[in-house]
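The sequence lines fix the lettering, A, B, ..., with proteins before strands; numbering per chain opens at 1. This structure is a prediction, so every number in the text was calculated from the model and none was measured.
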Amino acid sequence: MPASPAAETAALLAWYDRHRRALPWRATGRAGPDPYAVWLSEVMLQQTTVAAVKGFYARFLALWPDVAALAAAPREAVLKEWAGLGYYARARNLHDCAQAVVERHGGRFPSTEAALRALPGIGDYTAAAVAAIAFGEVATVVDGNVERVMTRLRAVETPVPAARPEIKRLTAALVPPGRPGDFAQATMDLGATICTPRSPACALCPLAGSCAAHAAGTELRYPRKLPKKATPRRFGAMAVVERQDGAVLVRTRPAKGLLGGMTEFFGSDWGAASPDAAAMAQASDAALRAVGTVEHVFTHFALTLDVYRGRSHGGLAPEGCRWVTREALAREPIPNVFTKVWEAASAVVPVVPVVPDGLRLVGLE
DNA sequence: CACGCGTGGGG
DNA sequence: TCCCCAAGCGT
């Protein structure tokens, strides 16, 4: 028997009051949530797990305790602190957004969904979440959790993303004017801990009594999704090249696109095949030793990198590259895929044998 | 609307 | 091992 929407909302809020997760960005005291903290956490949580976010969130808040501090930070420092969290456009948008809040709004976050939506890196979800959680606006928050909860609750047959408007309507009908932020977090907590994708714990769910999918035993059927495409594989090569004094050859990737603005070691383009060792040695003007391969899976392709370690012949940086000391390397924004390369190269004997002039020692074991 | 865009954990 | 996925956004 379907309960009334009001009864469903009440049951969900009562469950949340007992079982809400204690998360660092959730206000505990009487003072309302800090909009800056809510915004920072929401951006970090975009397509990212709570467990992965916690450490980054703490470090950001310690380094930059308010939006003005973040806005004043150097862009490279923000990218460096974001390194490892992924989706690096978020870091650029985060920094742009902080500066926009300072310049356009006097350093205070706007309090309405519409005004938030106009800021960089804030889309439909984040605008509604910040408005509801930080400012109490009656906004409808729809994320992946809400989609799963609502499509199961109402047995929505339309596949996502086409079902988005319907899901938004169904959700809006449940939002309580008095506690919009708690309702949003309650639905997300339910999706994260009870109404999970693979094995939902319906016996513990406060909405089980009115859930259409549960009544039919078809929870796992929702949300319906369109078939996904296979992920192709690309190949490339990357070399950790040292100068006589130990400095390492790096370069900064283009500002936008994959790993935009992040630091990488000397490497080839990525395509159907990787270049051979001789080509890498010539391009880097270094004696190279092959040290193995690194595998990494991005969202839309898998990558196999042949990894080399070597010693520069002349100490001249190829076009677009620069030398950094090991100490300075620690301050570079290096994404995890290239940290894997560094670790693979560091695991082998660093000394490259002396070779006669004109010879290139390549691809040796 | 479809695609580009990271990473790590769990079943 | 492999596949799925997690509090999406910009173009």
Please enumerate all protein N or O atoms sitting under 3.5 Å from an N or O of nucleotides 8-11 of chain B, with distances to 0.1 Å.
unit_1	atom_1	unit_2	atom_2	d
dG8(B)	OP1	N336(A)	ND2	2.3

Between the protein and nucleotides 9-11 of chain C, list every N/O to N/O distance that falls short of 3.5 Å.
unit_1	atom_1	unit_2	atom_2	d
dC9(C)	OP1	G123(A)	N	2.9
dC9(C)	OP1	T126(A)	N	3.0
dC9(C)	OP1	T126(A)	OG1	2.6
dC9(C)	OP2	D124(A)	N	3.4
dC9(C)	OP2	Y125(A)	N	3.3
dG10(C)	OP1	G121(A)	N	2.4

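Across all strands shown, W82(A) has no heavy atoms under 4.0 Å from either base or sugar-phosphate atoms. Within the nucleic acid shown, V297(A) comes within 4.0 Å of at least one base atom, counting heavy atoms only. Within 4.0 Å of R21(A), counting heavy atoms only, lies at least one base atom of the nucleic acid. If you check every strand for non-hydrogen atoms under 4.0 Å, L23(A) touches a base. Residue L85(A) is in base contact, counting any heavy-atom pair closer than 4.0 Å across all strands shown. Within the nucleic acid shown, R26(A) comes within 4.0 Å of at least one base atom, counting heavy atoms only.
Rounded to an integer number of Å, the gap from E147(A) CD to dC5(C) P is 12 Å. Rounded to whole Å, atom C1' of dG4(B) lies 14 Å from atom CZ of R90(A). Atom-to-atom, CD of E295(A) to C1' of dG6(B) comes out at 16 Å; the value is rounded to the nearest Å. Between the P atom of dC5(C) and the CG atom of D143(A) lies a distance of 15 Å, rounded to the nearest Å. Put simply, CZ on F298(A) is 6 Å from P on dT7(B), counting in whole angstrom units. For the pair R164(A) CZ and dG8(C) P, the interatomic distance rounds to 10 Å; values are reported in whole Å. For the pair L79(A) CG and dG6(B) P, the computed distance is 11 Å after rounding to whole Å. Rounded to a whole Å, the CZ atom of R233(A) is 12 Å from the C1' atom of dC2(C).
Scanning both residues, L316(A) and S312(A), for their nearest heavy atoms gives N-OG, 4.1 Å. The shortest heavy-atom contact between S274(A) and F235(A) is N-CB, 3.7 Å.
Between E295(A) and K340(A) there is no salt bridge, since no side-chain N of the basic residue sits under 4.0 Å from a carboxylate O of the acidic one. Salt-bridge annotation for E147(A) and K225(A): absent, with no side-chain N of the basic residue lying under 4.0 Å from a carboxylate O of the acidic one. Between D96(A) and R75(A) there is a salt bridge, since at least one side-chain N of the basic residue sits less than 4.0 Å from a carboxylate O of the acidic one.
For F298(A) and H300(A), the gap between ring centers reaches or exceeds 6.0 Å. In this structure, W82(A) has its ring center no closer than 6.0 Å to that of Y87(A).
Counting only distance, with no hydrogens or angles, the side chain of E137(A) and the backbone of E113(A) share a donor-acceptor pair below 3.5 Å. Side-chain atoms of R311(A) never come within 3.5 Å of backbone atoms of A287(A) as a donor-acceptor pair (strictly under, hydrogens ignored).
Applying the 4.0 Å criterion to OP1 and OP2 of dG4(B), one finds that H300(A) has every side-chain N and O outside that range. Taking side-chain N and O atoms only, Y88(A) has a distance below 4.0 Å to OP1 or OP2 of dT7(B). The side chain of Q47(A) contributes no N or O atom lying less than 4.0 Å from OP1 or OP2 of dA6(C).
Of the two residues near DNA chain C, K228(A) and I133(A), the one whose nearest nucleotide lies more 5' is K228(A). Toward the 5′ end of DNA chain B lies the nearest nucleotide of A162(A), the other residue of the pair A162(A) and G257(A) mapping further downstream.
Rounded to a whole angstrom, the distance from the P atom of dG8(B) to that of dC9(C) is 22 Å.
With F183(A) as the aromatic partner, R179(A) does not meet the cation-pi criteria of under 6.0 angstrom to the ring centre and within 45 degrees of the ring axis.
Base-pair partner of dG4(B): dC9(C) (Watson-Crick or G-U wobble, both distances under 3.5 Å).
Interface remark: the T48(A) side chain does not form any donor-acceptor pair with the dG8(C) base, using a distance-only criterion of under 3.5 Å. A donor-acceptor contact under 3.5 Å links the side chain of T299(A) to the base of dG6(B).
The side chain of K229(A) lies closest to dA2(B), out of dC5(C), dG6(B), dA2(B).
Checking Q46(A) against Y125(A) by side-chain atom types alone, no donor-acceptor pair falls below 3.5 Å.
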